[in-house]
Number of protein chains: 2
Amino acid sequence: MVDTDPVPRGQRADARRNRDEILAVARDVLAEQGTQASLRDIARRAGVGLGTLYRHFPTRDALLETLLREGFDRLARLAETLRETHAPDEALARWLQALAAGAGAYRGLPSSLAAALGEPGSALGASCRALRDAGARLLLDAQERGLARQDVTGEDMFALVGAVASIAEPGGPFADRRDHLVRVLLDGLAPPAPPPPPACHA
Amino acid sequence: MVDTDPVPRGQRADARRNRDEILAVARDVLAEQGTQASLRDIARRAGVGLGTLYRHFPTRDALLETLLREGFDRLARLAETLRETHAPDEALARWLQALAAGAGAYRGLPSSLAAALGEPGSALGASCRALRDAGARLLLDAQERGLARQDVTGEDMFALVGAVASIAEPGGPFADRRDHLVRVLLDGLAPPAPPPPPACHA
DNA sequence: ACCTGAACACCGTTCAAGT
DNA sequence: ACCTGAACACCGTTCAAGT
């Protein structure tokens with residue numbers, strides 16, 4: 001368990017206050033404008049110089065990562081819990097629904113996450129890779145018991161869930177179809193139907 | 001059949017030449033940089049003033065639409081052909097593969113198309129809606145014969161294919177998995193497995 | 001009729017100057 | 001140690017001035 005970029009202790013009081021205010025404002029602005037929101041706008045609305053925002057969050061991803069860390073950690077823990085308490089196919093189904101909800105929290109978030117996934121140095125990318133691996137373990141469980149198709153990888157599955165989340169972004173026309181579209185994906189991940197049993201009186 | 005924005009006849013020779021050059025350059029630049037490429041850059045490389053680009057293509061969508069029209073028309077015709085020559089499920093499978101290829105021709109294209117789909121005045125949006133409707137007809141055929149699940153609409157399906165295309169964009173890590181991921185989606189669109197026949201000697 | 005590029009209002013990012 | 005905002009290099013978009 002890596003703890004990247006913990007809340008800096010021993011900050012000056014004004015620094016601490018600025019950081020908190022930036023995060024609070026960013027949450028609102030991202031909810032309104034999506035992950036491509038203007039950083040200038042966030043600084044402005046937080047009553048802070050633009051350089052202050054950059055000092056606390058040197059990249060847009062760093063800001064996103066801080067906003068999402070809590071939810072992402074929860075998702076990683078959820079995967080473990082479901083693994084212990086449910087059959088592999090059911091665990092996979094529930095977890096992918098939760099993942100779609102988390103990855104689609106803001107407009108533009110799925111594609112931000114997909115982009116970060118590749119970036120080697122990005123803390124946000126590291127969080128994504130951790131989630132992807134947690135999902136891959138659930139998938140493997142299901143595959144080992146014949147409850148998921150064999151020709152799909154954890155990478156495939158993570159990308160597919162992100163894709164579904166991206167068409168069901170908040171505010172969009174498919175927002176309230178998200179669960180259903182994830183269901184369609186889950187059915188696609190199911191193992192191929194077994195051949196029918198031989199007929200009687202063969 | 002609407003023919004929006006046909007190639008303007010009776011243009012001045014220089015206008016015609018500029019238009020052609022812009023389109024040729026745009027094809028290259030979009031292939032390199034995706035649909036978010038700088039319009040300034042396109043004008044520059046076409047050896048044309050920025051205003052000239054805007055005169056010929058008042059919006060980015062208008063430029064995209066002109067570039068894509070041919071392929072989109074071909075896709076619409078393909079839907080009709082497949083309808084006449086194949087079983088509904090096979091027609092759907094082949095057409096969605098072709099659609100994914102077309103909608104993913106450039107980086108960023110799937111999300112450009114999804115955005116245009118909503119825009120009422122956009123010619124690109126109109127092209128998308130035509131494709132979506134062509135797909136909806138294929139889906140309906142399949143549904144009527146029990147070859148596709150009932151709880152999915154043409155809108156759902158079009159969005160899902162676009163989503164899969166967006167994760168398999170050219171140059172990306174999933175580019176060569178596109179057909180396979182579309183296959184997963186197709187399996188998700190299949191009707192639920194019928195209950196097994198009653199056992200013998202019941 | 002068409003072309004041009006300067007002008008405007010925005011970005012993201014950096015950094016010298018302040019406290 | 002931290003904050004500020006001007007400065008720079010880019011955008012997209014518009015439009016007066018040219019031919």
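Quantities reported herein were computed from a predicted structural model and do not represent experimental measurements. What's counted below: heavy atoms across the whole structure, side chains too, no hydrogens, waters or symmetry copies. Residue numbers begin at 1 in each chain, while the letters A, B, ... track the order of the sequences.
Looking at A:His180, its side chain does come within 3.5 Å of a backbone N or O of B:Asp151 through a donor-acceptor pair. With hydrogens and angles disregarded, no donor-acceptor distance shorter than 3.5 Å links the side chain of B:Glu32 to the backbone of B:Ala37.
Between A:Gln36 and B:Arg55, the residue anchored nearer the 5' end of DNA chain C, judged by the nucleotide with its closest heavy atom, is B:Arg55.
Pair assignment for C:dC11: none, as no Watson-Crick or G-U wobble contacts are both less than 3.5 Å. When both pairing distances are held under 3.5 Å, D:dC2 makes a Watson-Crick or G-U pair with C:dG18.
Here the nucleotide nearest the side chain of A:Gln11, chosen from D:dC2, D:dT13, D:dC3, is D:dC2. The side chain of B:Asp14 approaches C:dC3 more closely than any other nucleotide in the set D:dA1, C:dG12, C:dC3.
Residue B:Ser38 places at least one side-chain N or O closer than 4.0 Å to OP1 or OP2 of D:dG12. Distances shown here put a side-chain N or O of A:Arg60 below 4.0 Å from the OP1 or OP2 atom of C:dG12. Put simply, A:Asn18 has a side-chain N or O that comes within less than 4.0 Å of OP1 or OP2 on D:dC3. The phosphate of C:dC2 (OP1 or OP2) has no side-chain N or O of B:His56 nearer than 4.0 angstrom.
Contact annotation for B:Ala13: no contact, since no heavy-atom pair falls under 4.0 Å across all strands. Note on A:Ala43: nothing from the nucleic acid sits closer than 4.0 angstrom, heavy atoms only.
Contact check for A:Thr153 versus A:Phe158: no side-chain heavy atoms found under the 4.5 Å cut-off.
Atom pair B:Arg16:CZ and C:dC3:C1' shows a separation of 18 Å (rounding to whole Å applied). Between B:Gln33 atom CD and D:dG12 atom C1' the separation is 15 Å, expressed in whole Å. For the pair B:Arg19 CZ and C:dA1 P, the computed distance is 18 Å after rounding to whole Å. Distance CG (A:Leu50) to P (D:dA7): 15 Å, rounded to an integer number of Å. Rounded to a whole Å, the CZ atom of B:Arg12 is 4 Å from the C1' atom of C:dC2. For A:Arg44 and C:dC11, the CZ to C1' distance is 10 Å, given to the nearest whole Å. What separates CZ of B:Arg40 from P of C:dC8 is a distance of 14 Å, to the nearest Å. Going from atom OH of B:Tyr54 over to atom P of C:dA1 covers 24 Å, rounded to whole Å.
Between A:Glu65 and A:Ser127, the side chains place a donor N or O and an acceptor N or O closer than 3.5 Å (distance only, hydrogens not considered).
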Please walk me through it: do A:Arg44 and A:Asp41 pass salt bridge (Lys or Arg N to Asp or Glu O under 4.0 Å)?
-> CA-CA 5 Å; A:Arg44 208 151 30 207; A:Asp41 200 31; 3.8 Å; yes
